[in-house]
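Below: the structure, in structure tokens.
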Number of protein chains: 2
Amino acid sequence: MLLADAPMLTPSPFTQATDFVRRLQPGGAQHPAPRCSQCAISPLCNPGELNAEELAQVDSLVQEVRTVQRGASLYRANDPFHNVYILRSGSFKTVVMHREGREQVTGFQIAGEMLGLDGIVGEQHLCGAIALERSTVCVIPFELLEDVCREIKPMQRHLHKVMSREIVRESNMIMLLGTMRAEQRVAAFLLNLAERYGTRGYSATEFNMRMTRSEIGSYLGITLETASRMFSRLQQERLVQARGKQIRILDSGALARL
Amino acid sequence: MLLADAPMLTPSPFTQATDFVRRLQPGGAQHPAPRCSQCAISPLCNPGELNAEELAQVDSLVQEVRTVQRGASLYRANDPFHNVYILRSGSFKTVVMHREGREQVTGFQIAGEMLGLDGIVGEQHLCGAIALERSTVCVIPFELLEDVCREIKPMQRHLHKVMSREIVRESNMIMLLGTMRAEQRVAAFLLNLAERYGTRGYSATEFNMRMTRSEIGSYLGITLETASRMFSRLQQERLVQARGKQIRILDSGALARL
DNA sequence: CGTGAGTTTGAAGCACATCAAGTCTAGTGG
DNA sequence: CCACTAGACTTGATGTGCTTCAAACTCACG
């Protein structure tokens, strides 16, 4: 009931993200590639120091914008690797299959983030990417991206930063799983989401998570029940307001200090 | 006592690795850069499909071969990022500092593996790299490496594979920390070490670990006591012989099936 | 307004952490 | 070369945070 009398002041990032693709046909899987220069999330996926000619080259990278329905796979484990993807709108989870069919969530991705980098080494994907809501992605053939990176130095550096960022993100995750207790994990998870929303121009204090408790638990290495209990406890401690998937962060300082 | 009557048949990989650098001056920090084409671990760090001219370019990348004494840092967290390093001989751990000075091990590296990729995004290192024994590394200025990767396509692809491999390694680690019990973690750790030694031409069944139980525990997200107990348990189950840091794998199939 | 997936909450059990000896080992100096 | 010592390792006893199992509740959606 806490959030009922305290309605969301800012629209959820994901609502906005959905608006973003409204012009795209509902069921259509493919669309003509739009210009990066006209794309709202371009600052997130371009180096940002390119001249007109270079920009045109970058535009040519995006062969296709694909819509992925909620629950559908962008790619599956063991699929051959050809493309990387940049998330234009919506959100994904990446999962690996455990023995006995149980799935482990290895990451959540939101607008501006890149998917598919795990496929480069073995020339096939090692995890699957599943849309948490109707989402759109730019499809970028990796060979083409490499060609452009050999031509345009800032683009090369940019790709390396994206890959390095992924390495850093994962080592933070290793840190979290190796050293934190359940309550700290959930707090860190919320702060991380908040920060990523913040850099995308959404509210960093109020948002609507698209993932279930079970997916959060899997990601954080705890059970869904423990995840749920930690949300309740953080709420009791007045650090967040949580009503299902609606989250409001009340004291990010205290969350970080846990 | 088990290993007393069953002496190591193959020399430990680390012993060999030490022999490898015997020609280098003991205390000397720097040496003239040797040719990659004459380096024993070249197949591990080169694409392997280069002509003579390209090989010369690759040779020019290695500005220096540095010796790092046991316990010394190759780089520390927050150091500015300029170089990546390829481990010629010896072994390292990468660590991040927890709050209150406790350190968390995020990885172990052996010959042929690359260090320092975490520094690209923020232009400074986020973890520290500490030698577990006297080790030698090739120092490669990252800007130079990027230049060469814009010139030589196979080299570019190779770098991307190295980075992707690091991403995959870390997601496997996330999987391990998120889903496995202590005994499985230790088993997976041993199998992983064994496989890496195997691809380097060392015995994949007998080796000498350079890391302490405390470092292993930190890496695997368990205490040193639990790590020790799991080594004992695996020994009781006749899956390994473990006497301190000497390890012999008796039943890798059963270890994988845990 | 019923249905089922998602969520919350409680009770009991267990795997691992913590605390505490005691033993072993490698490196050091006599 | 061997005794000495500090760090590394093993093992036991006890405590606890999380999992597991179970049941009830919520809410979106037909």
Side-chain angles (χ1 to χ4, degrees), chain A residues 1-4 12 14-15 70-71 93 98 100 102-105 132-134 176-187 208-236 240-247 258, chain B residues 1-4 12 14-15 18 69-71 93 98 100 102-105 132-134 176-187 208-236 240-247 258:
Chain A
M1 281 296 119
L2 268 170
L3 288 190
S12 128
F14 291 101
T15 314
R70 178 197 164 99
K93 63 175 174 182
H98 209 217
E100 304 108 39
R102 262 179 49 211
E103 78 174 29
Q104 152 89 1
V105 176
L132 294 178
E133 63 193 305
R134 170 110 92 59
L176 177 144
L177 292 170
T179 67
M180 293 185 179
R181 337 195 115 204
E183 188 179 26
Q184 296 174 306
R185 293 183 192 197
V186 173
N208 189 339
M209 304 185 297
R210 302 314 292 214
M211 57 292 274
T212 65
R213 295 287 186 269
S214 168
E215 287 161 342
I216 294 170
S218 168
Y219 181 56
L220 297 179
I222 55 182
T223 60
L224 72 98
E225 292 94 331
T226 300
S228 174
R229 275 184 247 270
M230 293 308 131
F231 277 107
S232 302
R233 189 196 290 180
L234 290 175
Q235 177 152 281
Q236 259 188 323
V240 304
Q241 285 181 322
R243 185 174 155 72
K245 289 173 169 135
Q246 304 274 87
I247 293 289
L258 280 181
Chain B
M1 281 298 122
L2 267 170
L3 288 190
S12 126
F14 291 100
T15 313
T18 306
Q69 298 300 330
R70 177 197 164 98
K93 64 175 174 183
H98 210 218
E100 303 108 41
R102 261 180 47 211
E103 78 174 29
Q104 153 88 3
V105 176
L132 295 179
E133 63 192 308
R134 170 111 93 56
L176 178 144
L177 293 169
T179 68
M180 292 185 181
R181 335 196 115 204
E183 189 181 25
Q184 296 175 308
R185 293 182 194 198
V186 173
N208 189 340
M209 305 186 296
R210 303 314 290 215
M211 56 292 274
T212 66
R213 296 286 187 267
S214 168
E215 287 161 342
I216 294 171
S218 168
Y219 181 58
L220 297 179
I222 56 183
T223 59
L224 72 97
E225 293 94 331
T226 299
S228 174
R229 274 183 247 271
M230 294 309 131
F231 277 107
S232 302
R233 189 196 290 182
L234 290 175
Q235 177 152 281
Q236 260 190 322
V240 304
Q241 286 181 321
R243 184 172 155 73
K245 287 170 172 143
Q246 303 275 85
I247 292 290
L258 281 179

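Here is the naming used below: chain letters follow the sequence lines, and residue numbers restart at 1 for every chain. Small disclaimer: the values here were computed from a predicted structure and weren't measured.
Closest-nucleotide positions on DNA chain C for B/Met230 and A/Thr212 were compared, and the one nearer the 5' end corresponds to A/Thr212. Place A/Arg181 and A/Ala227 on DNA chain C by their nearest nucleotides, and A/Ala227 ends up nearer the 5' end.
For A/Arg243, whose side chain is taken as the heavy atoms from C-beta onward, the closest listed nucleotide among D/dA8, D/dT20, D/dC27 is D/dC27. The side chain of A/Leu224 approaches C/dT7 more closely than any other nucleotide in the set D/dG12, D/dC9, C/dT7. Closest to the side chain of A/Ser228, out of D/dT10, C/dT9, D/dA13, is C/dT9.
Taking only side-chain nitrogens and oxygens, B/Thr223 comes nearer than 4.0 Å to OP1 or OP2 of C/dA17. Side-chain nitrogen and oxygen atoms of B/Lys245 include at least one within less than 4.0 Å of the OP1 or OP2 phosphate oxygen of D/dC9. Taking 4.0 angstrom as the limit, A/Thr226 places none of its side-chain polar atoms (N or O) nearer than this to OP1 or OP2 of D/dC18. Between A/Ser214 and C/dT7, a side-chain N or O to OP1/OP2 separation shorter than 4.0 Å is absent.
The nearest whole Å value for the distance from the CD atom in B/Gln246 to the C1' atom in D/dA8 is 15 Å. Rounded to whole Å, atom C1' of C/dA15 lies 12 Å from atom CD of B/Glu183. Remark: P of C/dA26 and CE of B/Met209 are 13 Å apart, rounded to the nearest angstrom.
Separating the CZ atom in A/Arg185 from the CD1 atom in A/Ile222 is a distance of 7.0 Å, to the nearest 0.5 Å.
Heavy atoms of B/Gly217 sit nowhere under 4.0 angstrom from any nucleic acid atom.
Side-chain to base pairing of B/Arg229 with D/dG12: one donor and one acceptor N or O lie within less than 3.5 Å of each other.
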